[in-house]
Trainee: 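Take a look at the following structure, please.
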Amino acid sequence: MKPARVQAAETPGDGLAAPLVIAAVIVAALYFGREILIPIAIAVLLSFVIGPLVALLRKLRLGRIPSVGVAVLLLLTVVAGLGGLIGMQVADLSTGLPRYQRTIAQKAENLKAGPLGDLAGYLRSINHTIQQAGAPEQKPEEKPAEKPPSGKPAPPPSVQNPDKPVLVEVRDRDPSPVELAEKVLSPVLSPLATLGIVFVVLIFILVQREDLRDRMIRLVGSSDLHRTTVAMDDAARRLSRFFLVQLALNAGFGLVIGTGLWLIGVPNPILWGIFSALMRFVPYIGAFLSALLPLALAAAVDPGWNMVLATAALFIVLEPLVGQFIEPLLYGHSTGLSPFAVLVSALFWTWLWGPVGLLLSTPLTVCLVVLGRHVDKLEFLDVLFGDRPALTPVENFYQRMLADDPDEAQELAEVILAQCSLSSYYDEVALKGLQLAATDARRGVLTESQLERIRVGIAQLIEDLADRDDAAPEAKSSLAGRLLSGRQDEDVPCEAAPAVPDAPAPDQLPEAWRRDGAVLCVAGRGPLDEAASMMLAQLLHKHGFGTRVVPFEAVSRAEIGSLDASAARMVCISYLEISGTPAHLRYLVQRVRRRAPEAQVLVGLWPADDAVLSDPGARTSLGADHYAVSLREGVEACLEAVRDVPAAAPAPARGADDAVEPVPERADA
């Protein structure tokens, strides 16, 4: 009999070992394969830029291969033209270097002769005085000069110091033509080889674009081909739009910089315009780094300081204007990445691939984030690097209430309400957050003190939003929309429309419905159902209804006889969740009907997937007049009741002595 094997217990670090090993292998491959991966990465990014041009040419029935050829040839022409232009500008700049050096030297002399030089001399004198005060006094020793013996001539210098080194000049032989050609062409061959690889890979990507897409779908989402195909096509389209807009914006920035430097008089403005456009792809500091060389050249050209000040003013005014105003108008955010992710990605890609990695860091990370937003298996990339909140608005709402931070909860509510109506915010954020809390309370993970903090925080939030109307907010459209991932659609968790867009004015409601207590918002027996009743009461009050919130204790068998329901026209019962049998809800409806026989009864079961709503028999057994799964539907039901019985007379008031004897109920009611 073989001995039983004992399985080793798993430690907490076992689950992290495999991902860490995979990450280390990927980083090592990126580092050691950078000579091949850099051209491939550049080709992929260029494919997003000229992909729309290829699609346009194909729509003109030019054919796949001719369309790719024309687009690549056009791109090659632009790159060659820019390269030649940069070369000519650099050659022209080098001819004036001696003159620029003399100007800089003259400025340095002027500074030394001016107040700055006096200050430097004063500091040197202070330093010399301090050194003399700290050093001990030493008497110089006088040594008599040695004289050669009388009658003998002095020896030659070589004899006097035989150890003195002799200077020897070593000359290299003249290089051969092959060596000379290799020396001249070697700096050019490497960039040309990289450029050749880029264009070869670019051609293959554009020609086999659909095939590469299908292979990517097979890798990341073959189980749902339709959804994955739509996601990949949408991601490619959004990346193309983003890179095109960013390229156009940076090119415009470089054009304005070049024109401004030409007007100021800085030499080679075309070179600095191209340099500024390229450096602006570097996040945060690229535009300011591009200003250093033009500033140094302006200082070398102008004997005074007017050109330097004008150049500095050009960059200081233009960069904030583009970064803070034009970019938000074009695509909302500069990159769609969190600031920390931009910094980390710049450091990471620079460490891996050097200066080229710094230029490619933001576009490459944007590609990863967009893939993470469209592919479920890569969602962690969006969580790590994206600028969207890590928690959903519903989770944020619950977390802020749980942390006893109603001020931040109100701040988050104000942000959402800038694009959503109040009723939609209550339905899609607040109620769902309360459902999370109710679920935790049912599981027993919330203490009574935590529940009390949540109740108090919700009450404060509702009170703070009392002055806000349930109306659609003003639309804030951008020039081209947000390009990364449909941010205007995805980030907004609710609708902009109010509960009832064509609702009558509050003063048009019948007097009976505007009296205090015309609508009784009764809380269920859950710990947070009263908060839902408060939200419904506030929305109804904004539409002109006279409302009153009734806690669950006031409709219990022992207390319902003292409930004042004389003005009630509608009774709205709110439940965040129905656990088990709804018998207690049925008996609650019966008690309410006996107390307010003239009023209609609405049951609001805010979890829309509750089994009671899907079972016609269960709904019939409850005996309510209306059912709602959202606060918006509750408001609509009340307005519909007003239209049906606009002139209903109020029911006579009844005291506790007139209460109807309750029928026998089950023990769990």
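All values below were derived from every heavy atom in this structure, side-chain atoms included, with hydrogens, water molecules and symmetry-related copies excluded.
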Trainee: Considering residues at least two apart in sequence or located in another chain, which fulfil the side chain to side chain contact (heavy atoms under 4.5 Å, CB included) criterion with Leu364?
Mentor: Ala41, Leu45, Trp349, Trp353, Leu360
Trainee: Filter on side chain to side chain donor-acceptor pair (under 3.5 Å), then keep only pairs touching residues 452-462, sequence neighbours left out; what's left?
Mentor: Glu448-Arg455, Glu452-Arg455
Trainee: Search all heavy atoms of Glu530 against all heavy atoms of Pro551 and return the closest pair with its distance.
Mentor: OE1-CB, 4.1 Å
Trainee: Give every residue pair that meets the side chain to side chain donor-acceptor pair (under 3.5 Å) criterion with at least one member in residues 531-549, sequence neighbours excluded.
Mentor: Tyr426-Gln538, Ser533-Ser574
Trainee: To the closest 0.5 Å, what do you measure between CG (Asp464) and CD (Gln410)?
Mentor: 4.0 Å
Trainee: Any side-chain to backbone donor/acceptor pair from Ser240 onto Phe48? Under 3.5 Å, distance only.
Mentor: yes
Trainee: Mind jotting down which residue pairs meet the salt bridge (charged side-chain N to carboxylate O under 4.0 Å, His left out) criterion with at least one end in residues 408-423? Sequence neighbours excluded, please.
Mentor: Arg400-Glu408, Glu414-Arg468
Trainee: Using side-chain contact (heavy atoms from CB on, under 4.5 Å) as the criterion, point out the one residue from Leu249, Leu244, Asn250 that pairs with Gln246.
Mentor: Asn250
Trainee: Report yes if the side chains of Met534 and Cys521 come closer than 4.5 Å at any heavy-atom pair, otherwise no.
Mentor: no
Trainee: On a heavy-atom basis, which atom in Ile462 and which in Ala531 lie closest, and how many Å separate them?
Mentor: CD1-O, 3.8 Å
Trainee: Applying salt bridge (Lys or Arg N to Asp or Glu O under 4.0 Å), can you list everything that pairs with Asp625, at least two apart in sequence or on another chain?
Mentor: Arg593
Trainee: Just by distance, do the side chain of Gln399 and the backbone of Glu395 share a donor-acceptor pair under 3.5 Å?
Mentor: no
Trainee: Are any non-hydrogen side-chain atoms of Met570 and Trp513 less than 4.5 angstrom apart?
Mentor: yes
Trainee: Taking the side chain as every heavy atom from C-beta outward, state whether Pro393 and Ile416 have any atom pair closer than 4.5 Å.
Mentor: yes
Trainee: Nearest 0.5 Å, what's the OG-CD1 distance between Ser562 and Ile560?
Mentor: 9.0 Å
Trainee: If you compare all heavy atoms of Leu520 against all heavy atoms of Ala565, which two are closest, and at what distance to 0.1 Å?
Mentor: CD1-CB, 4.1 Å
Trainee: I'd like to check Glu319 versus Phe253 (side-chain heavy atoms, cut-off strictly below 4.5 Å). Are they in contact?
Mentor: yes
Trainee: Locate the shortest heavy-atom distance separating Ala641 from Gln600; write the atom from each residue and the value.
Mentor: CB-NE2, 3.6 Å
Trainee: Report yes or no: does Asp427 contribute a side-chain atom to a donor-acceptor pair with the main-chain N or O of Leu631 at less than 3.5 Å?
Mentor: yes
Trainee: Run the side chain to side chain contact (heavy atoms under 4.5 Å, CB included) test against Leu509 and tell me which residues pass, sequence neighbours left out.
Mentor: Pro504, Arg514, Phe545, Leu639, Val642
Trainee: With the side chain counted from C-beta on, respond yes when Arg209 and Val54 share a heavy-atom pair under 4.5 Å apart, and no when they do not.
Mentor: no
Trainee: Could you tell me if the side chain of Leu602 sits less than 4.5 Å from the side chain of Cys572, heavy atoms only?
Mentor: yes
Trainee: Are Phe243 and Cys367 side-chain neighbours, meaning at least one heavy-atom pair lies under 4.5 Å?
Mentor: yes
Trainee: Measuring from His626:NE2 to Glu640:CD, what's the distance to the nearest 0.5 Å?
Mentor: 8.0 Å
Trainee: Any chance you could measure Leu436, atom CG, to Leu528, atom CG, to the nearest 0.5 Å?
Mentor: 11.0 Å
Trainee: Would the distance check show the side chain of Gln450 and the main-chain N or O of Thr447 forming a donor-acceptor pair, the cut-off being under 3.5 Å?
Mentor: yes
Trainee: Could you check Ile573, Leu585, Leu576 and say which one makes a side-chain contact (heavy atoms from CB on, under 4.5 Å) with Leu605?
Mentor: Leu585
Trainee: Within this structure, what is the CG-CG distance for the pair Asp469 and Leu539, rounded to the nearest 0.5 Å?
Mentor: 11.0 Å
Trainee: Between Lys432 and Glu428, does at least one N-O distance fall below 4.0 Å, as a salt bridge requires?
Mentor: yes
Trainee: State the CG-CD1 distance between Leu247 and Ile50, to the nearest 0.5 angstrom.
Mentor: 12.0 Å
Trainee: Find out whether Tyr425 and Asp470 are in side-chain contact, i.e. whether some heavy atom of one side chain is under 4.5 Å from a heavy atom of the other.
Mentor: no
Trainee: Grab the two heavy atoms, one from Ala441 and one from Leu446, that are nearest each other, plus how far apart they are.
Mentor: N-CD1, 3.9 Å
